[in-house]
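Here is the structure we will look at, set down as structure tokens.
Just so we're clear, the structure is a prediction, and the values are computed from it rather than from any experiment.
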Amino acid sequence: MGEIEHKYLQIDGLKLHVAVIGDVSSPPVVFLHGFPEIWYSWRHQMTALAGAGFRAIAPDYRGYGLSDPPPQPENATYADLIADLLALFEALSLPKAFIIAKDFGARVAYLFALIHPEKVSGIITLGIPYLPPSPVNFHDLLPEGFYISRWQKPGRAEADFGRFDNKTVVRNIYILFSRSEVPIADENQEIMDMVDSSTSLPPWLTEEDLANYGSLYENSGFQTALKVPYRSSSEEFNITNMNVDAPALLIMGEKDYFLKFPGMEDYTKAEQAKMFVPKLETVFVPEGSHFVQEQFPEQVNKLIIDFLSKHS
């Protein structure tokens, strides 16, 4: 099986980092991370899939981890990430692949499937279901202290994050996002101050893991990450057919805070996304948080490998 290898692809004038493991002739699986994650968040899945006979490919988006930032991070878009993904397929000679995506990566994955359906063998998302590609405005339905509302304001998150080193920022976000409630700060409280410095890491995240995340964000910072996804929720796409025909799986932790977003628990548990993704299956992981693939890797790996094997 070998070790995870690290490559750099020249895409749109940027050097984009890609982690790869598995035989080049094996069925390819492309992993798309969320925030505050990077390729490393898929470490458990990549080695398991390679061992099961798949080729696992995990890029860092532009402006994340070891990938170059765009020249103007404040102008980054979802469309950029979709174009980068298509370029990655071409650079690695992938006629089509399975896509596994976490958090806002689900939006990237489904947009890619809508625009390039011939490239997608199947889709697995974790933490976020299919949502139609229209502007997302959860912040209109939640208090001013809602973390996305705060991070959408240029300068607010930068000032908040800037008081700490990158490792502490990632630590605080992991602790917040692993809880079962939506992070909402008090009126005169910043998001980073919602986590006390004495709070322990979740038991499934080690200090070594945290150090890896911190060091990888040393390269990129958070400028692009704040633009995509948080300041790009109103981005529009010229998509008329909103249906995805590929087989799909949603893996959701039963204690994922995203289920507390307005309407999302009913939408997810009633599988309303099947109106758009008719071949969708949904699995809930008991006690699972927003980081279910790191929290319960063996359980998630089995769900993924079973799905891939069924549809390969």
I'd like to know whether R43 forms a salt bridge (charged side-chain N to carboxylate O under 4.0 Å, His left out) with E294, so could you lay out the CA-CA distance, the side-chain angles of the two residues, the decisive distance to 0.1 Å, and finally the verdict. CA-CA 8 Å; R43 61 199 178 280; E294 294 183 88; 2.8 Å; yes
Would you confirm whether the ring centroid of F104 sits within less than 6.0 angstrom of the ring centroid of F35? no
Would you indicate whether the side-chain heavy atoms of Y61 and D84 approach each other to under 4.5 Å? no
Using side-chain heavy atoms (C-beta onward) and a distance below 4.5 Å, is I100 in contact with V29? yes
Going by the angle between their ring planes, with limits at 30° and 60°, are H17 and Y8 parallel, tilted or perpendicular? tilted
With a 4.5 Å heavy-atom cut-off, do P129 and Y267 have their side chains touching? yes
Can you label the angle between the Y257 ring and the F261 ring as parallel, tilted or perpendicular, going by 30° and 60°? tilted
D306/K302 salt bridge by N-O under 4.0 Å criterion: yes
Could you check whether any side-chain heavy atom of P133 comes within less than 4.5 Å of a side-chain heavy atom of L114, counting everything from C-beta outward? yes
Between F284 and K255, is the side-chain contact (heavy atoms from CB on, under 4.5 Å) condition met? List the steps. CA-CA 9 Å; F284 287 90; K255 294 191 174 181; over 6 Å; no
Run the ring pair (Phe, Tyr, Trp, His ring centres under 6.0 Å) check on Y110 and F276 step by step: do they pass? CA-CA 11 Å; Y110 274 119; F276 303 99; over 10 Å; no
Working for salt bridge (charged side-chain N to carboxylate O under 4.0 Å, His left out), residues K96 and E118: CA-CA 7 Å; K96 65 191 307 183; E118 75 287 353; over 6 Å; no
Does the side chain of F307 reach to within under 4.5 Å of the side chain of I124, using non-hydrogen atoms? yes
Would you please say whether a donor-acceptor pair under 3.5 Å links the side chains of H44 and N301? no
Working for ring pair (Phe, Tyr, Trp, His ring centres under 6.0 Å), residues F161 and Y217: CA-CA 12 Å; F161 291 5; Y217 272 101; 9.6 Å; no
Parallel, tilted or perpendicular for Y213 and Y40, by the 30°/60° rule? perpendicular
Close side-chain approach of Q293 to S41, heavy-atom, < 4.5 Å: yes
Below 4.5 Å, heavy atoms only, C-beta onward: do K269 and E254 meet side chain to side chain? no
Using the rule given for salt bridge (charged side-chain N to carboxylate O under 4.0 Å, His left out), can you reason through R231 versus E158, listing the C-alpha separation, both sets of side-chain angles and the distance that settles it, and then say yes or no? CA-CA 13 Å; R231 297 170 187 168; E158 288 87 340; 2.8 Å; yes
Return yes if some donor-acceptor pair links the side-chain N/O of D103 with the main-chain N/O of G105 below 3.5 Å, else return no. no
Rounded distance (nearest 0.5 Å) linking atom OG1 of T268 with atom CG of L131: 8.0 Å
I'd like to know whether the aromatic ring centres of F177 and Y147 sit less than 6.0 Å apart in this structure. yes
Can you establish whether the number of heavy atoms outside Q223 located under 6.0 Å from its atom CD is more than 12? no
Count the heavy atoms belonging to other residues, nucleotides or ligands that lie under 6.0 Å from CD of E298, then report whether that count exceeds 12. no
Report the C-alpha separation of D193 and R163 in whole Å, then their side-chain angles, then the decisive distance to 0.1 Å, and conclude whether the salt bridge (charged side-chain N to carboxylate O under 4.0 Å, His left out) test is met. CA-CA 10 Å; D193 295 329; R163 297 176 296 147; 3.3 Å; yes
So I148 and F138, do their side chains get closer than 4.5 Å, heavy atoms only? no
